[in-house]
There are 2 protein chains.
Amino acid sequence: MIAIIKRSFDVQAADVLRQQILSAAIPAGSRLTEVRLAGELGLSRATVRTALHQLVNEGLVVQVPYTGWEVATLTAHDAWELFTLRSSLEALAAGLAAQRAGTLDLDALDRAFEDLQTVCRRRNRAAIADADFALHEAIVKLAGHGRLRAQYRIVEQQIRMCIASSNALIGGGQSIIDEHRPMVEAIRAGDAESAARFARDHNAEASDLLVTHLKRLEEQTAD
Amino acid sequence: MIAIIKRSFDVQAADVLRQQILSAAIPAGSRLTEVRLAGELGLSRATVRTALHQLVNEGLVVQVPYTGWEVATLTAHDAWELFTLRSSLEALAAGLAAQRAGTLDLDALDRAFEDLQTVCRRRNRAAIADADFALHEAIVKLAGHGRLRAQYRIVEQQIRMCIASSNALIGGGQSIIDEHRPMVEAIRAGDAESAARFARDHNAEASDLLVTHLKRLEEQTAD
DNA sequence: TAATTGACGATTGTCGACAATCGTCAATTC
DNA sequence: GAATTGACGATTGTCGACAATCGTCAATTA
């Protein structure tokens with residue numbers, strides 16, 4: 001028997017809006033009005049409000065009280081914040097996972113790394129981003145740390161939003177594998193310090209490139 | 001002329017409830033009903049609902065959809081999560097602040113550390129916790145990282161809640177000063193790596209003690 | 001006697017209506 | 001012409017009412 005999954009309307013509305021924002025179907029900076037969204041979603045305005053509040057907490061929407069809601073526009077500074085935070089969280093996750101490596105089933109880690117290698121060989125950029133995220137998700141899950149997991153997801157969502165809205169080119173191929181292998185091996189070996197260090201540093205170059213790219217976009221827009 | 005600060009009722013309600021939860025005036029595990037709170041706060045139930053949603057996002061309240069709301073009960077595992085996360089965020093803040101030390105006014109850091117030393121000499125436990133938090137807040141502010149700041153506050157709130165609800169004894173005196181001095185000096189010196197390392201490690205012993213204490217409490221309750 | 005069913009009160013989820021606020025624009029004043 | 005004022009439509013904030021859900025308890029069944 002298939003369980004009926006109950007999901008209240010405000011949660012469902014937040015899901016739909018989140019998806020539209022993350023895919024850039026609703027562009028960054030867009031005005032969101034409760035009345036219009038309520039009409040489109042077929043819900044009461046109050047329900048939509050609750051959904052919007054949730055998205056504000058995830059950093060995807062900005063509320064100006066008494067005035068309105070809009071999709072967050074992420075600046076180069078935002079990107080820097082997100083990357084530094086992500087790096088720190090990934091380091092924590094890798095270190096904790098490595099500490100527990102001796103007592104855990106590492107199949108999920110191995111599978112995720114295999115998947116990453118597979119898509120890197122195919123040079124499918126969207127799939128690379130997904131597999132990269134999935135690898136880190138697997139590690140965060142191994143850390144057994146719910147708050148870390150929740151926060152990591154929120155940060156990663158916003159990073160995806162950055163990438164989607166800037167049309168940034170994300171590297172692929174062998175370098176992605178090479179960046180991740182030492183971290184995965186340190187986790188397997190139970191070496192928490194190295195795992196944390198590799199996790200912290202593994203994305204530094206790509207992150208800097210994206211931040212620089214966003215700064216250039218901002219300068220062009222200011223002209 | 002004093003500006004009128006507009007603060008919508010749902011935000012004000014969240015403020016009031018947060019304060020009551022953090023001070024343990026409403027104990028952990030307490031059932032919160034919208035009807036009763038609305039009556040007590042003199043607001044509509046929908047407004048209270050919005051406030052409760054916000055507190056859920058801060059980890060202070062747990063919602064069981066269709067069933068109810070209650071003040072979060074933080075377990076030893078929760079405490080472990082909070083301490084590891086806090087440690088990681090403090091390390092990030094200290095490292096970033098140290099990177100910027102050459103271009104910043106470090107007065108706030110110095111003052112906060114002085115204040116900490118002052119209250120440690122007086123052995124006033126509540127004031128020590130406040131001054132400890134204020135020192136880290138000052139560092140987080142120096143890091144110029146809004147998301148880090150917001151997340152740090154949420155984590156720190158929950159830690160206060162842990163401490164308040166467990167009646168744990170928090171150490172004081174010279175050891176607190178000794179734990180913080182190397183981090184503060186590394187920040188002043190612009191040594192990001194040391195600042196991050198000292199920040200990450202400086203609370204390990206106290207954190208472990210509290211987690212162990214909570215585990216013991218849980219075992220007693222299970223008897 | 002234990003398990004199942006049904007009723008009911010309490011509470012949550014959602015709705016639409018009223019009140020408050022804001023931004024815009026035209027009219028007025030200096 | 002620039003600054004100020006006032007009106008108005010659009011939108012947000014809050015409200016109370018209706019509908020849906022849950023937990024509890026008594027009644028019924030096996």
Side-chain angles (χ1 to χ4, degrees), chain A residues 1-21 25-73, chain B residues 1-21 25-73:
Chain A
M1 194 84 245
I2 300 182
I4 305 295
I5 307 291
K6 281 189 314 187
R7 206 158 172 85
S8 58
F9 295 145
D10 62 285
V11 174
Q12 290 182 53
D15 290 341
V16 169
L17 291 172
R18 186 185 298 111
Q19 181 53 38
Q20 299 220 292
I21 290 167
I26 309 180
S30 300
R31 180 88 196 268
L32 300 173
T33 67
E34 300 173 5
V35 172
R36 184 170 54 80
L37 293 179
E40 289 173 2
L41 295 168
L43 298 172
S44 148
R45 201 162 58 68
T47 308
V48 170
R49 255 181 100 66
T50 303
L52 288 170
H53 274 293
Q54 176 55 32
L55 297 177
V56 167
N57 272 292
E58 296 177 21
L60 302 180
V61 168
V62 174
Q63 180 193 25
V64 181
Y66 301 103
T67 302
W69 313 78
E70 66 181 54
V71 178
T73 299
Chain B
M1 194 84 243
I2 300 181
I4 305 297
I5 307 291
K6 281 189 312 185
R7 206 159 171 84
S8 58
F9 295 143
D10 62 284
V11 174
Q12 290 182 51
D15 290 340
V16 170
L17 291 172
R18 186 184 299 113
Q19 180 53 35
Q20 299 220 294
I21 291 167
I26 309 180
S30 299
R31 181 87 195 270
L32 301 173
T33 67
E34 301 172 4
V35 172
R36 182 169 55 80
L37 292 179
E40 290 174 0
L41 295 167
L43 299 172
S44 149
R45 200 161 60 66
T47 307
V48 169
R49 249 181 106 66
T50 303
L52 288 170
H53 274 294
Q54 176 54 33
L55 296 177
V56 167
N57 272 293
E58 296 177 22
L60 302 179
V61 168
V62 175
Q63 180 193 26
V64 181
Y66 300 102
T67 301
W69 314 77
E70 66 181 54
V71 177
T73 300

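Every chain is numbered from 1, with letters handed out A, B, ... down the list of sequences.
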Student: Can you tell me how far OG1 of B:Thr33 sits from CG of B:Leu52, rounded to the nearest 0.5 angstrom?
Tutor: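 So the CG of B:Leu52 and the OG1 of B:Thr33 are separated by 9.5 Å.
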Student: Which nucleotide, C:dC15, C:dC18, D:dG23, lies nearest any side-chain atom of B:Thr67?
Tutor: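 Within the option list, the nearest is D:dG23.
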Student: Check this one for me: any side-chain N or O of B:Ser44 less than 4.0 Å away from OP1 or OP2 of D:dT14?
Tutor: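 No, outside the criterion.
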Student: Atom CZ of B:Phe9 to atom C1' of C:dA19: distance rounded to whole Å?
Tutor: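 Value for this atom pair: 11 Å.
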Student: What are the residues of residues 25-35 of chain B, sorted by number, that bring a heavy atom to within less than 4.0 Å of DNA chain C?
Tutor: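 Here the set is B:Arg31, B:Leu32, B:Thr33, B:Glu34, B:Val35.
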Student: Could you list the residues that satisfy side-chain hydrogen bond (donor to acceptor under 3.5 Å, both in side chains) with B:Glu70, not counting sequence neighbours?
Tutor: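 Partners of B:Glu70 under the side-chain hydrogen bond (donor to acceptor under 3.5 Å, both in side chains) test: none.
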Student: Please state how far atom CZ in A:Arg36 lies from atom P in D:dT12, giving the value in whole angstrom units.
Tutor: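 Taking atom P of D:dT12 as the reference, CZ of A:Arg36 is at 10 Å.
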Student: Could you pull out all residues at least two apart from B:Thr67 that satisfy side-chain contact (heavy atoms from CB on, under 4.5 Å)?
Tutor: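 If we apply the side-chain contact (heavy atoms from CB on, under 4.5 Å) test to B:Thr67, skipping adjacent residues, the hits are B:Val64.
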Student: Who passes side-chain contact (heavy atoms from CB on, under 4.5 Å) against B:Ala46, sequence neighbours left out?
Tutor: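 Applying side-chain contact (heavy atoms from CB on, under 4.5 Å) to B:Ala46 gives B:Ser44.
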Student: Return the residues of residues 46-62 of chain B meeting this criterion: a heavy atom under 4.0 Å from some atom of DNA chain C. Order them by number, or give none.
Tutor: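 By residue number: B:Arg49.
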Student: Quick one: CZ on B:Arg49 to CG on B:Leu43, what's the gap to the nearest 0.5 Å?
Tutor: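 Here the interatomic distance stands at 14.5 Å.
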Student: Does a side-chain N or O from A:Gln63 land closer than 4.0 Å to OP1 or OP2 of D:dT12, or not?
Tutor: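 The answer is no; no side-chain N or O of A:Gln63 sits under 4.0 Å from OP1 or OP2.
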Student: Of all heavy-atom pairs between B:Val48 and B:Ala38, which one has the smallest distance, and what is that distance?
Tutor: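 Looking at all heavy atoms of both residues, the shortest contact is CG2-CA, 3.7 Å.
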Student: Minimum heavy-atom separation for A:Leu17 and A:Leu55, please, with both atom names.
Tutor: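 In this case the closest contact between A:Leu17 and A:Leu55 is CB-CD1, 3.5 Å.
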Student: What ring pair (Phe, Tyr, Trp, His ring centres under 6.0 Å) pairs are there with at least one residue in residues 26-61 of chain B, not counting sequence neighbours?
Tutor: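 As it turns out, the ring pair (Phe, Tyr, Trp, His ring centres under 6.0 Å) pairs with a partner in residues 26-61 of chain B, which skip direct neighbours, are B:His53-B:Trp69.
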Student: Listed by chain and number, what are the salt bridge (charged side-chain N to carboxylate O under 4.0 Å, His left out) partners of B:Arg45, not counting sequence neighbours?
Tutor: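 Scan of B:Arg45 (salt bridge (charged side-chain N to carboxylate O under 4.0 Å, His left out), adjacent residues dropped) gives B:Glu34.
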Student: For DNA chain D, what are the stems built from at least three Watson-Crick or G-U pairs in a row, each pair having both distances below 3.5 Å?
Tutor: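 Runs of three or more consecutive pairs: C:1-30 with D:1-30.
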Student: Quick one: list whatever passes side-chain hydrogen bond (donor to acceptor under 3.5 Å, both in side chains) with B:Ser8, sequence neighbours left out.
Tutor: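 B:Ser8 satisfies side-chain hydrogen bond (donor to acceptor under 3.5 Å, both in side chains) with B:Asp10 once adjacent residues are dropped.
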Student: Just jot down the side-chain hydrogen bond (donor to acceptor under 3.5 Å, both in side chains) partners of B:Glu40, sequence neighbours excluded, or say none.
Tutor: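 For B:Glu40 the side-chain hydrogen bond (donor to acceptor under 3.5 Å, both in side chains) partners, ignoring immediate neighbours, are B:Arg36.
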